[in-house]
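Everything on this sheet refers to the single structure shown next.
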Protein chains: 2
Amino acid sequence: MSPDPGFYSIIDYTVDGFDTQHELVEAFAEIQERWVRFYPGYRSARFHVSTDGTRVYNIVHWASERDYRDFVETSDTEGRMAAIRAALEGLSGRAEARMSGAPTYTVVREVGPGPQRPGS
Amino acid sequence: MSPDPGFYSIIDYTVDGFDTQHELVEAFAEIQERWVRFYPGYRSARFHVSTDGTRVYNIVHWASERDYRDFVETSDTEGRMAAIRAALEGLSGRAEARMSGAPTYTVVREVGPGPQRPGS
(Lines give C-alpha, C1' and ligand atoms only; values in the text may rest on other atoms or scores of the structure.)
Protein backbone atom coordinates (compact mmCIF):
# COMPACT_ATOMS: atom_id res chain seq x y z
CA MET A 1 0.00 0.00 0.00
CA SER A 2 2.89 2.37 0.72
CA PRO A 3 4.38 4.01 -2.38
CA ASP A 4 7.71 4.24 -0.55
CA PRO A 5 9.35 1.55 1.60
CA GLY A 6 11.67 4.18 3.11
CA PHE A 7 11.78 5.40 6.66
CA TYR A 8 12.30 8.97 7.77
CA SER A 9 13.17 11.03 10.78
CA ILE A 10 12.11 14.65 10.70
CA ILE A 11 13.95 17.24 12.78
CA ASP A 12 11.99 20.47 13.02
CA TYR A 13 13.14 23.79 14.53
CA THR A 14 11.89 27.36 14.69
CA VAL A 15 14.68 29.92 14.52
CA ASP A 16 14.97 33.68 14.98
CA GLY A 17 16.18 34.65 11.52
CA PHE A 18 18.23 33.91 8.43
CA ASP A 19 21.60 33.88 10.21
CA THR A 20 20.49 31.32 12.78
CA GLN A 21 18.80 29.31 10.03
CA HIS A 22 22.08 29.14 8.11
CA GLU A 23 24.13 28.31 11.22
CA LEU A 24 21.73 25.55 12.23
CA VAL A 25 21.96 23.92 8.78
CA GLU A 26 25.76 24.05 8.81
CA ALA A 27 25.97 22.63 12.34
CA PHE A 28 23.47 19.84 11.72
CA ALA A 29 25.06 18.93 8.38
CA GLU A 30 28.33 18.44 10.25
CA ILE A 31 26.54 16.23 12.76
CA GLN A 32 25.28 14.05 9.90
CA GLU A 33 28.84 13.75 8.58
CA ARG A 34 30.40 12.93 11.95
CA TRP A 35 27.70 10.79 13.52
CA VAL A 36 25.22 9.42 11.00
CA ARG A 37 26.00 9.23 7.26
CA PHE A 38 28.24 6.14 7.42
CA TYR A 39 25.64 3.77 8.92
CA PRO A 40 24.13 1.09 6.64
CA GLY A 41 20.88 2.17 5.01
CA TYR A 42 21.49 5.91 5.41
CA ARG A 43 20.24 7.61 2.24
CA SER A 44 20.33 11.36 2.81
CA ALA A 45 19.66 14.30 5.07
CA ARG A 46 17.92 17.18 3.28
CA PHE A 47 17.78 20.59 4.93
CA HIS A 48 14.63 22.58 4.12
CA VAL A 49 14.76 26.26 5.12
CA SER A 50 11.68 28.48 5.10
CA THR A 51 11.76 31.47 2.77
CA ASP A 52 10.95 33.77 5.70
CA GLY A 53 13.95 32.70 7.80
CA THR A 54 11.90 31.26 10.67
CA ARG A 55 12.11 27.52 10.30
CA VAL A 56 14.35 24.56 9.44
CA TYR A 57 13.33 20.98 8.67
CA ASN A 58 15.94 18.27 8.34
CA ILE A 59 14.44 15.21 6.70
CA VAL A 60 16.67 12.16 7.15
CA HIS A 61 15.94 9.28 4.84
CA TRP A 62 16.75 5.65 5.69
CA ALA A 63 16.34 2.67 3.39
CA SER A 64 14.14 0.89 5.94
CA GLU A 65 12.89 1.05 9.51
CA ARG A 66 15.25 -1.83 10.30
CA ASP A 67 18.25 0.26 9.18
CA TYR A 68 17.11 3.17 11.32
CA ARG A 69 16.58 0.92 14.37
CA ASP A 70 20.04 -0.65 13.87
CA PHE A 71 21.54 2.83 13.73
CA VAL A 72 19.79 3.82 16.98
CA GLU A 73 20.89 0.61 18.74
CA THR A 74 24.51 0.48 17.58
CA SER A 75 25.49 4.16 17.34
CA ASP A 76 26.84 6.42 20.08
CA THR A 77 23.58 8.11 20.99
CA GLU A 78 25.07 9.91 23.99
CA GLY A 79 27.88 11.35 21.91
CA ARG A 80 25.49 12.40 19.17
CA MET A 81 23.11 14.05 21.63
CA ALA A 82 26.01 15.91 23.23
CA ALA A 83 27.09 17.12 19.77
CA ILE A 84 23.54 18.34 19.06
CA ARG A 85 23.41 20.19 22.40
CA ALA A 86 26.79 21.78 21.68
CA ALA A 87 25.62 22.76 18.18
CA LEU A 88 22.50 24.45 19.57
CA GLU A 89 24.48 26.23 22.28
CA GLY A 90 26.98 27.45 19.67
CA LEU A 91 24.35 29.29 17.61
CA SER A 92 24.47 33.08 17.72
CA GLY A 93 20.65 33.16 17.82
CA ARG A 94 17.85 31.03 19.19
CA ALA A 95 16.50 27.72 17.88
CA GLU A 96 13.59 25.86 19.42
CA ALA A 97 12.67 22.24 18.69
CA ARG A 98 9.14 21.69 17.35
CA MET A 99 9.25 17.92 17.42
CA SER A 100 6.47 16.20 19.40
CA GLY A 101 6.28 12.48 20.03
CA ALA A 102 8.35 10.02 18.01
CA PRO A 103 10.26 11.77 15.21
CA THR A 104 9.97 8.77 12.89
CA TYR A 105 7.81 8.68 9.78
CA THR A 106 6.74 6.63 6.83
CA VAL A 107 5.38 7.98 3.54
CA VAL A 108 1.94 6.45 3.16
CA ARG A 109 0.70 8.27 0.10
CA GLU A 110 2.03 10.26 -2.83
CA VAL A 111 -0.07 12.32 -5.25
CA GLY A 112 1.71 12.99 -8.53
CA PRO A 113 0.75 15.33 -11.37
CA GLY A 114 -2.52 14.48 -13.12
CA PRO A 115 -5.86 15.78 -14.34
CA GLN A 116 -8.19 17.67 -12.06
CA ARG A 117 -10.41 15.25 -10.20
CA PRO A 118 -14.01 16.45 -10.44
CA GLY A 119 -15.92 17.30 -7.27
CA SER A 120 -18.58 14.86 -6.14
CA MET B 1 24.93 26.54 -4.13
CA SER B 2 21.59 24.78 -3.66
CA PRO B 3 21.67 21.06 -4.46
CA ASP B 4 18.01 21.28 -5.49
CA PRO B 5 16.34 23.98 -7.57
CA GLY B 6 12.92 22.83 -6.37
CA PHE B 7 10.49 24.69 -4.17
CA TYR B 8 8.41 23.18 -1.40
CA SER B 9 5.44 23.90 0.77
CA ILE B 10 5.24 21.96 4.02
CA ILE B 11 1.88 21.38 5.68
CA ASP B 12 2.30 20.21 9.26
CA TYR B 13 -0.41 18.97 11.65
CA THR B 14 -0.60 17.31 15.03
CA VAL B 15 -3.44 14.80 15.31
CA ASP B 16 -5.03 12.81 18.10
CA GLY B 17 -4.35 9.29 16.84
CA PHE B 18 -3.98 6.85 13.98
CA ASP B 19 -7.58 7.17 12.75
CA THR B 20 -7.39 10.95 12.44
CA GLN B 21 -3.96 10.63 10.86
CA HIS B 22 -5.37 8.33 8.20
CA GLU B 23 -8.45 10.51 7.60
CA LEU B 24 -6.33 13.65 7.28
CA VAL B 25 -4.10 12.02 4.66
CA GLU B 26 -7.11 10.81 2.64
CA ALA B 27 -8.82 14.21 2.80
CA PHE B 28 -5.71 16.20 1.90
CA ALA B 29 -4.80 13.80 -0.92
CA GLU B 30 -8.23 14.50 -2.40
CA ILE B 31 -7.58 18.24 -2.09
CA GLN B 32 -4.37 17.81 -4.08
CA GLU B 33 -6.29 15.96 -6.79
CA ARG B 34 -9.12 18.47 -6.99
CA TRP B 35 -7.27 21.73 -6.46
CA VAL B 36 -3.53 21.44 -7.05
CA ARG B 37 -2.01 18.55 -9.06
CA PHE B 38 -2.91 19.88 -12.53
CA TYR B 39 -1.01 23.19 -12.26
CA PRO B 40 2.23 23.56 -14.25
CA GLY B 41 5.33 22.68 -12.26
CA TYR B 42 3.51 20.54 -9.70
CA ARG B 43 5.74 17.55 -8.93
CA SER B 44 4.23 15.67 -5.99
CA ALA B 45 2.62 15.76 -2.59
CA ARG B 46 4.10 13.22 -0.18
CA PHE B 47 2.28 12.41 3.04
CA HIS B 48 4.57 11.56 5.96
CA VAL B 49 2.83 10.04 8.99
CA SER B 50 4.56 9.60 12.33
CA THR B 51 4.92 6.07 13.61
CA ASP B 52 3.23 7.08 16.89
CA GLY B 53 0.05 8.37 15.22
CA THR B 54 0.46 11.97 16.40
CA ARG B 55 1.62 13.90 13.36
CA VAL B 56 1.23 14.38 9.61
CA TYR B 57 3.53 16.27 7.24
CA ASN B 58 2.49 16.87 3.65
CA ILE B 59 5.48 17.98 1.60
CA VAL B 60 4.40 19.48 -1.73
CA HIS B 61 7.13 19.74 -4.34
CA TRP B 62 7.11 22.32 -7.14
CA ALA B 63 9.60 22.54 -9.99
CA SER B 64 10.42 26.15 -9.10
CA GLU B 65 9.36 29.08 -6.95
CA ARG B 66 7.94 30.68 -10.09
CA ASP B 67 5.62 27.72 -10.64
CA TYR B 68 4.44 27.89 -7.04
CA ARG B 69 3.82 31.65 -7.25
CA ASP B 70 1.89 31.19 -10.52
CA PHE B 71 -0.24 28.55 -8.84
CA VAL B 72 -1.00 30.86 -5.91
CA GLU B 73 -1.85 33.76 -8.22
CA THR B 74 -3.97 31.91 -10.77
CA SER B 75 -5.70 29.24 -8.69
CA ASP B 76 -8.95 29.48 -6.74
CA THR B 77 -7.44 30.11 -3.32
CA GLU B 78 -10.80 30.78 -1.68
CA GLY B 79 -12.26 27.54 -2.98
CA ARG B 80 -9.20 25.59 -1.90
CA MET B 81 -9.21 27.13 1.58
CA ALA B 82 -12.90 26.32 1.96
CA ALA B 83 -12.17 22.72 0.93
CA ILE B 84 -9.38 22.52 3.53
CA ARG B 85 -11.68 23.89 6.25
CA ALA B 86 -14.39 21.39 5.26
CA ALA B 87 -11.83 18.56 5.31
CA LEU B 88 -10.68 19.50 8.82
CA GLU B 89 -14.26 19.83 10.07
CA GLY B 90 -15.11 16.43 8.59
CA LEU B 91 -12.47 14.59 10.63
CA SER B 92 -13.75 12.35 13.42
CA GLY B 93 -10.87 13.52 15.64
CA ARG B 94 -8.82 16.64 16.15
CA ALA B 95 -6.06 18.09 13.93
CA GLU B 96 -4.09 21.21 14.76
CA ALA B 97 -1.91 23.12 12.31
CA ARG B 98 1.74 23.50 13.36
CA MET B 99 2.75 25.84 10.56
CA SER B 100 4.31 29.14 11.59
CA GLY B 101 5.21 31.92 9.18
CA ALA B 102 5.46 31.32 5.44
CA PRO B 103 5.02 27.59 4.62
CA THR B 104 7.42 27.78 1.67
CA TYR B 105 10.86 26.18 1.63
CA THR B 106 13.95 25.55 -0.41
CA VAL B 107 16.42 22.71 0.12
CA VAL B 108 19.76 24.37 0.75
CA ARG B 109 21.86 21.38 1.62
CA GLU B 110 21.88 17.62 1.25
CA VAL B 111 24.25 15.22 3.01
CA GLY B 112 24.49 11.85 1.27
CA PRO B 113 26.12 8.63 2.47
CA GLY B 114 29.88 8.83 2.98
CA PRO B 115 32.74 8.12 5.32
CA GLN B 116 32.72 9.37 8.89
CA ARG B 117 34.15 12.86 9.05
CA PRO B 118 36.72 13.02 11.84
CA GLY B 119 36.17 15.40 14.75
CA SER B 120 38.29 18.54 14.88
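Chain naming here is simple, since letters A, B, ... match the order of the sequence lines and numbering starts at 1 in each. Side chains included, hydrogens not; waters and symmetry mates left out as well; all remaining heavy atoms used.
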Identify whether [X] and [Y] are in the same connected component of the hydrophobic contact network (ILVMFWY, side-chain heavy atoms under 4.5 Å).
X	Y	answer
Phe18(A)	Phe47(A)	no
Phe38(A)	Tyr42(A)	yes
Ile31(B)	Tyr39(B)	yes
Leu88(B)	Val15(B)	yes
Val25(A)	Trp35(A)	yes

Pairwise distance CZ(Arg55(A)) to CE(Met99(B)) - rounded to 0.5 angstrom: 9.0 Å
field: Rounded distance [0.5 Å steps], CD in Glu110(A) versus NE2 in His61(B)
entry: 10.5 Å
message: Quick check against the 3.5 Å criterion: does Arg34(B) have a side-chain atom that pairs as donor or acceptor with the backbone of Pro118(A)?
response: yes
Please classify the contact between [X] and chain A as side chain, backbone, both or neither, with a heavy-atom cut-off of under 4.5 Å.
X	result
Arg43(B)	backbone
Thr54(B)	side chain
Thr14(B)	side chain

query: chain B heavy atoms under 4.5 Å from Asp12(A): which part of the residue, side chain, backbone, both or neither?
result: side chain
Region of Thr51(A) that comes under 4.5 Å of a non-hydrogen atom in chain B: both
- request: Using the side-chain contact (heavy atoms from CB on, under 4.5 Å) rule, take Ile59(B) and Ile59(A) through it: C-alpha gap first, then chi angles, then the decisive distance, then the call.
  value: CA-CA 11 Å; Ile59(B) 303 183; Ile59(A) 303 182; 3.1 Å; yes
task: Output the option from Ala29(B), Gly114(B), Ala102(B), Gly53(B) having the highest count of non-hydrogen pairs under 4.5 Å with chain A.
output: Gly114(B)
message: I'd like to know which of Ser50(B), Ser44(B), Ala83(B) tops the heavy-atom pair count under 4.5 Å against chain A.
response: Ser50(B)
message: More than 12 heavy atoms of other residues, nucleotides or ligands under 6.0 Å from CZ of Arg69(B): yes or no?
response: yes
task: State yes or no: are the ring centers of Tyr57(B) and Tyr8(A) separated by less than 6.0 Å?
output: no
statement: All heavy atoms of Asp52(A) vs all of Ser100(B), minimum pair found to be OD2-O, 4.5 Å
- prompt: Checking side chain to side chain donor-acceptor pair (under 3.5 Å) against Arg109(B), which of His48(A), Gln32(A), Glu26(A) comes through?
  reply: Glu26(A)
message: Please identify, among Pro103(A), Pro115(A), Gly101(A), the residue contributing the most non-hydrogen atom pairs under 4.5 Å to chain B.
response: Pro115(A)
